[in-house]
Each structure stands twice: as C-alpha cells, then as structure tokens.
Amino acid sequence: YICESILAQLAFIPIYVLVVTIIIEQFIEKKDKESMLSKLNVIIGVFLNEMGREILKEFSTVDNNFSNLKDKLEFTQDNFNTQYKDAIKFLKKYQGNFECNSNNLSKLKDYIISKKQVLLIMMENPNLMENDSFTELMLALFHLYEELCHRDDFTKLSKSDLNHLALDVNRAYILLLNEWLHYLKHIDEKYPYLFSLEIRINPFSSENKAELKD
C-alpha cells in the first residue's frame, strides 16, 4: 500500500513541476514587462520634453473647442486619480474643432521640421515601436509632417484641403493627449518627484510654472 501511494505521488510530480514552471515564467514575464514599460515611459518622457508638450500647445491654439477640454486637463496632485479618469472618459468622445489657416499651418510646419530628427530617432527605436499607442502617435505626427511639407503655399489652399489637414491635426492631437495622460498616470504611480514637476509645467494649466509657491 505504501509503495502504491509513493508511486501515485511520483506520477504527479511532472504536473507539479509544470505548474510551478508556468507560474515562475509568468512572474518573470510580468517583471520583464514592467521593466520594459518603465523604460519606455522614460523615453516617452524625453519625447514630451523635446516636442510633445509644445505641439500640444500649438494644437490647442487652433482648436475652437479647447475651452471645453481645458477644464478637464488642469490637474492637481491631490485629486489626480479622479481627474485622470474624468479626462480619459471625456477624451474618448472629444473631437477638436480646428481652424487651420496659412499662419498657424506655416508655424506648425516650421516647428515640426525643426524637430524632424526627434521624430526619426523615436521611430527608429525598436522598443518604442512595440508600444502600439506610441507607434500610432508617431505615424500620425509623421504623416502630418509629410502633408505639410508637400504644400509650398498655405495661402492658396482650398477649403477642402484645409479641412483635410484639420483631420490630420485632430488625429495627432487626440493620440498625443492620450499618450501624455498615460504618461502622467505612470509617473504618478512610480515616480512622484517627476509627477510633481509635470503637474507644475502642465501645458494646459493657467499657472504653467516650475517654481513652487510659498
């Protein structure tokens, strides 16, 4: 009887080993994924510093609906979690109302051209390209860059062409806003000191100053 019991238990050892192996692999995979996401967010933070925030500002100046959005994007450290959820929910239904003209399109073109190298570096990073949402953002920005570069005189654009460019701006704008919000959520959870600065230099804040008040 004892021998039969031992043999029965031995028969289950491969199953135990398999289960333990799966659990360990899942744990390692989760740790690797968390590490990768952390590294990706560092690079996304660099992108936001280099050009992301400035483009958000540029887009918002030609968005006639921006006043409806601005209230959702003025975050505070104490109430960020609630404000973040409201902003994400609002953004899902939000559409900008862009009034593109020769002046703002020319300014946007000059700025994106000046940051072309940043876009190229980001698109060449294989790790970033594994992030679907960031890939979509890069493609949208690069497409907008190409559309603008293929137009020499913005004063001669038809209404249909201006509307087409407005759609391209809106696509990049919404994707960039979402990426910025997800980055804020990440650093709020992992890096409070980075989050503190990001809240102070929020491009949509009426203060928008890094200096602390007394």
Evaluate the side chain to side chain contact (heavy atoms under 4.5 Å, CB included) criterion for residues Glu50 and Lys115: first the C-alpha distance (whole Å), next the side-chain angles of each, then the deciding distance (0.1 Å), finally the verdict.
-> CA-CA 8 Å; Glu50 287 295 322; Lys115 297 294 183 179; 4.0 Å; yes
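- Taking CG of Asn81 as the reference point, atom CG of Asp188 lies at 5.5 Å (rounded to 0.5 Å).
- Counting heavy atoms from C-beta on, the side chains of Thr76 and Ile199 never come closer than 4.5 Å.
- Neither side chain, Asn178 nor Tyr183, offers a donor N or O lying under 3.5 Å from an acceptor on the other.
- Asp153 meets the side chain to side chain donor-acceptor pair (under 3.5 Å) test with Thr155; sequence neighbours excluded.
- Between Tyr84 and Leu181, the shortest heavy-atom distance links the atoms CE1-O, 3.3 Å.
- Placement of Tyr193 and Leu184 within a single hydrophobic cluster is found when ILVMFWY residues are connected by side-chain heavy-atom separations under 4.5 Å, directly or transitively.
- For an aromatic pair to be called close, the ring centres must be under 6.0 Å apart, and Phe134 with Phe47 satisfies this.
- Annotation for Arg200 and Ser196: closest pair NH2-OG, 3.1 Å, computed over non-hydrogen atoms.
- Linking ILVMFWY residues whenever their side-chain heavy atoms come closer than 4.5 Å, directly or via other members, leaves Leu167 and Phe98 in distinct clusters.
- No side-chain donor-acceptor contact under 3.5 Å links Tyr145 and His150.
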Kindly indicate, with the supporting measurements, whether the criterion side chain to side chain contact (heavy atoms under 4.5 Å, CB included) is fulfilled by Leu69 and Leu91.
-> CA-CA 8 Å; Leu69 178 63; Leu91 201 56; 4.2 Å; yes
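- Interatomic distance, OG of Ser60 versus OH of Tyr173, reported as 5.0 Å (0.5 Å rounding).
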Test side chain to side chain contact (heavy atoms under 4.5 Å, CB included) on Leu108 and Val62 and set out the steps.
-> CA-CA 11 Å; Leu108 183 59; Val62 294; over 6 Å; no
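- Residues Leu157 and Phe154 form a side-chain contact, since some pair of their non-hydrogen atoms from C-beta on lies under 4.5 Å apart.
- Between the CG atom in Asn202 and the CG atom in Leu56 there is a gap of 9.5 Å [rounded to 0.5 Å].
- In this structure, Leu175 and Ala140 approach most closely via the heavy-atom pair CD1-CB, 3.7 Å.
- Within the model, atoms CG of Leu197 and CD1 of Ile187 stand 8.0 Å from one another, a figure rounded to the nearest 0.5 Å.
- Glu54 contributes atom CD, which lies 11.5 Å from atom CD1 of Ile112 (distance to the nearest 0.5 angstrom).
- A side-chain hydrogen bond (donor to acceptor under 3.5 Å, both in side chains) check over residues 98-110, counting only residues at least two apart or in different chains, returns the pairs Asn64-Glu99, Asn101-Asn104.
- Residues Gln95 and Asn170 bring a donor and an acceptor atom of their side chains to less than 3.5 Å of each other.
- Here the closest non-hydrogen pair linking Glu74 and Ser205 is OE1-CA, 3.6 Å.
- Clustering ILVMFWY residues whenever any of their side-chain heavy atoms sit less than 4.5 angstrom apart, transitively, puts Val118 in the very cluster that holds Ile113.
- With Asn49 contributing its side chain and Gly45 its backbone, the two residues share a donor-acceptor pair below 3.5 Å.
- Using modelled atom types and a 3.5 Å distance limit, the side chains of His143 and Glu147 yield a donor-acceptor pair.
- Looking at heavy atoms from C-beta onward, Arg171 lies out of side-chain contact with Leu144 at the 4.5 angstrom threshold.
- Of the possible polar contacts, one joining the Asp63 side chain to the Asn97 backbone as a donor-acceptor pair under 3.5 Å is found.
- In this pair, Phe204 and Phe66 present their aromatic rings tilted. The plane angle is within the 30 to 60° band.
- The minimum heavy-atom distance linking Ala166 with Cys100 is given by the pair CA-SG, 3.8 Å.
- In terms of the side chain to side chain contact (heavy atoms under 4.5 Å, CB included) criterion, Lys89 has no residue partners (sequence neighbours excluded).
- Interatomic distance, Met51 CE to Leu141 CG, rounded to the nearest 0.5 Å: 6.0 Å.
- Surrounding NZ of Lys70 are more than 12 heavy atoms belonging to other residues, nucleotides or ligands, all under 6.0 Å away.
- The cluster map of Ile, Leu, Val, Met, Phe, Trp and Tyr, joined by side-chain heavy atoms under 4.5 Å apart, puts Leu176 and Leu120 in the same cluster.
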Given Arg151 and Leu165, is the side chain to side chain contact (heavy atoms under 4.5 Å, CB included) satisfied, shown in steps?
-> CA-CA 11 Å; Arg151 289 165 174 79; Leu165 289 173; 3.9 Å; yes
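- The shortest non-hydrogen separation linking Asn68 to Phe90 is O-CZ, 3.6 Å.
- A salt bridge links Glu198 to Arg53: at least one charged side-chain nitrogen sits closer than 4.0 Å to a carboxylate oxygen.
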